[in-house]
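The basis for the numbers below is simple: all heavy atoms, side chains too, and nothing from hydrogens, waters or symmetry mates. As the structure lists them, so they are numbered: ligands from 1, and atoms in each ligand from 1. Throughout, residue positions are numbered sequentially from 1 according to the sequence presented.
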Amino acid sequence: MKDILARLDERREQARLGGGQKRIDAQHAKGKLTARERIEMLLDRDSFEEFDMFVQHRCTDFGMEQEHVPGDGVVTGWGTVNGRTVYVFAKDFTVFGGSLSEEHAKKITKIQDMAIKNRAPIVGLFDAGGARIQEGVAALGGYGEVFQRNVLASGVIPQISVIMGPCAGGDVYSPAMTDFIFMVRETSYMFVTGPDVVKTVTNETVTAEELGGAHVHTTRSSIADRAYENDVEALLQMRRLIDFLPASNLETPPRLPSFDDPDRIDLSLDTLVPDNPNKPYDIKELINKIADEGDFFEIQETHARNIVIGFARIEGTTVGVVANQPLALAGVLDSDASRKAARFVRFCDCFNVPIVTFVDVPGFLPGTAQEYGGLIKHGAKLLFAYAEATVPKVTVITRKAFGGAYDVMASKHLRGDINLAWPTAQIAVMGAKGAVEIIYRRELGDAQKIAQRTKEYEDRFLSPFVAAERGYIDEVIMPHATRKRLSRVLAMLRNKKLENPWKKHDNIPL
Ligand code: HXC
């Protein structure tokens with residue numbers, strides 16, 4: 001009997017070595033952890049239960065029948081993050097570069113099926129070169145199975161991808177269909193095909209970093225939602241993110257104990273908006289001041305900085321925050337900002353996360369670059385996302401809410417539940433200068449008259465009261481009481497039930 005038990009230990013030990021000590025050392029030398037080390041870092045201590053440790057590939061081409069590594073390049077299973085169940089798979093780069101074989105795919109789809117059936121988040125840790133070349137179409141078929149489940153899981157359970165090494169092919173397309181992608185600086189890359197193929201096909205010479213490094217994907221392409229300095233930081237931040245998220249679309253977000261008084265007032269907010277309407281201020285100051293313990297998990301911090309999105313808690317419960325950022329492009333809505341916020345609003349709506357929107361927006365960005373780039377369609381995405389969302393929607397207008405952007409930013413007309421405004425709010429079709437130049441065009445030569453018209457316009461329209469008179473604003477509130485007001489209305493909206501008319505699915509302007 002003892003022998004049998006020892007044999008199991010031996011087989012486990014062998015499986016845990018993956019592609020061997022030499023490749024593990026190479027992994028460490030690059031500053032990367034191994035697949036199992038990563039899982040240990042992500043999950044609660046000793047909570048990981050591994051499946052399919054002894055699975056092997058069945059390929060017999062290219063001499064593969066001689067090369068078998070138990071586990072076949074991916075470690076899969078489940079565990080807990082702060083006590084809550086999470087399914088996980090981690091690509092093992094030390095085994096055939098983490099590439100996906102038919103059997104490797106089956107390990108992942110088993111975990112995906114379990115996560116969907118048992119309604120818990122799934123985290124994929126990627127460090128892999130895509131389909132296993134030696135297996136050909138069997139590997140492609142395997143990826144197809146993974147992709148199909150990514151889509152079925154979308155909107156049912158949170159799917160999180162962390163890119164922790166060079167990733168290509170299916171190892172970027174599968175993450176692309178998940179809710180969030182995070183990267184590690186200088187050790188992770190994402191591209192459909194690597195620099196060598198690029199050189200052959202397009203004759204471009206690029207480094208892996210230039211083609212698909214964390215900087216590119218968190219600033220230009222917006223494929224990645226955030227980047228971290230190293231594996232450890234990335235994995236610890238994933239634990240923090242998971243704490244914000246509900247386990248599935250059937251649950252409300254977790255409620256964490258908070259020691260921050262929900263009625264806390266903050267007098268500094270009364271002077272946050274400068275007297276000069278053209279002077280910027282940092283909207284993150286407001287977000288940090290209304291959030292429990294000032295804890296804000298920002299998504300896509302370095303892309304489209306003119307809009308800020310992320311998760312915070314109020315009275316212990318998660319809210320999704322969307323806020324125009326006057327510090328960047330005066331908080332204007334452009335194509336990138338609209339796409340960024342639209343996707344986030346849809347995530348929140350899928351997973352019953354109430355949305356708090358802070359508005360200070362001078363309008364949509366004019367110009368050929370934006371129009372040629374499809375601003376109409378991208379702006380419509382945000383409009384569509386807010387309009388279809390049925391979760392509690394609370395809006396606070398701090399300053400400008402001009403033109404179409406007023407409508408878009410969770411206005412009353414898009415079923416905003418509670419729409420609040422600070423006394424500094426200016427809700428109008430446009431700013432005074434632009435308005436006067438259009439409606440008093442014939443008086444433009446007379447500076448005195450124009451100044452008087454501008455003053456009249458400012459007095460009448462650049463306030464929250466015209467909107468409040470119509471009930472488009474439910475209440476004009478003191479800035480210092482914003483957290484208290486939000487806590488109260490979010491509690492009031494906790495049992496909100498709203499359903500859209502039945503449909504197979506909508507047709508958001510993609
Ligand atoms: C089999 C692979 C592999 C693959 C890497 N390896 N990718 N084995 N199939 N796809 C193996 C290597 O042979 C090597 O084995 C080990 O993994 C490490 O790879 P290196 O190239 O030495 O590492 P590095 O220089 O860091 O480069 C990593 C890489 C590169 C950028 C991922 O290996 C690469 O470009 N691989 C191919 C990527 C690719 O084109 N994949 C197919 C995509 S098609 P040894 O034994 O030397 O350690 C696809 C279809 C899905 O995925 C459908 C999409 C819609």
Look at ligand 1 and say whether G169 reaches it with a heavy atom at a distance under 4.0 Å. yes
Distance flag for atom 34 (C) of ligand 1, protein heavy atom under 4.0 Å: no
So does F182 get a backbone contact from the side chain of D225, meaning a donor-acceptor N/O pair under 3.5 Å? no
Short side-chain to backbone donor-acceptor contact, R220 and H217, under 3.5 Å: no
Whether K91 side chain and G124 backbone form a donor-acceptor pair below 3.5 Å: no
Does R11 count as lying over the ring of F54, i.e. NZ or CZ under 6.0 Å from the six-ring centre, within 45 degrees of the axis? yes
Are any of the protein's heavy atoms under 4.0 angstrom from atom 22 (O) of ligand 1, yes or no? no
Flag, side chain of E102 to backbone of G141, donor-acceptor distance under 3.5 Å: no
So is G129 polar-close to ligand 1, meaning N/O to N/O under 3.5 Å? yes
Compute the centroid of each ring, for F344 and then for F311, and state whether the two points are separated by less than 6.0 Å. yes
Are a donor atom and an acceptor atom from the side chains of D360 and Q325 found within less than 3.5 Å of each other? no
Heavy atom of protein closer than 4.0 angstrom to atom 13 (O) of ligand 1: no
Heavy-atom nearest neighbour in the protein, as seen from atom 51 (C) of ligand 1, with distance rounded to 0.1 Å: G170 N, 3.4 Å
Can you label the angle between the F347 ring and the F351 ring as parallel, tilted or perpendicular, going by 30° and 60°? tilted
Just by distance, do the side chain of H104 and the backbone of S99 share a donor-acceptor pair under 3.5 Å? yes
What protein heavy atom sits nearest atom 9 (N) of ligand 1, and how far away is it? I133 N, 3.1 Å
Evaluate the 4.0 Å heavy atom contact test for atom 45 (P) of ligand 1: does a protein atom fall under the cut-off? yes
From the options P166, A128, S101, select the one whose nearest heavy atom is closest to atom 31 (C) of ligand 1. P166
Closest heavy-atom approach to atom 8 (N) of ligand 1 among F93, F96, F147, Y189 is made by F96
Is L140 touching ligand 1 with its side chain, its backbone, both, or neither, if touching means heavy atoms under 4.0 Å apart? side chain
Any luck finding a side-chain donor-acceptor pair between E388 and N500 under 3.5 Å? no
Using the ring centroid of each side chain, check whether H378 and F364 are separated by less than 6.0 Å. no
Considering heavy atoms of the protein only, find what lies nearest to atom 55 (C) of ligand 1 and give residue, atom and distance to 0.1 Å. Y173 CD1, 3.6 Å
Within the distance-only criterion (no hydrogens, no angle test), does the side chain of R149 pair as donor or acceptor with the backbone N or O of E145 below 3.5 angstrom? yes
The one among C167, A208, G97 that brings a heavy atom closest to atom 17 (O) of ligand 1: G97
For atom 4 (C) of ligand 1, the closest protein heavy atom turns out to be S99 CB, 3.5 Å
Against heavy atoms of G130, which atoms of ligand 1 measure under 4.0 Å? 52 (O)
Any idea which protein heavy atom is nearest atom 1 (C) of ligand 1, and the distance to it? Q134 OE1, 3.2 Å
Under the 4.0 Å line, does any protein heavy atom show up next to atom 40 (O) of ligand 1? no
Contact region, A131 to ligand 1, non-hydrogen atoms below 4.0 Å, reads both
Do any non-hydrogen protein atoms sit less than 4.0 Å from atom 6 (N) of ligand 1? yes
Closest by any non-hydrogen atom to atom 48 (O) of ligand 1: pick that one out of R23, E67, R132. R23
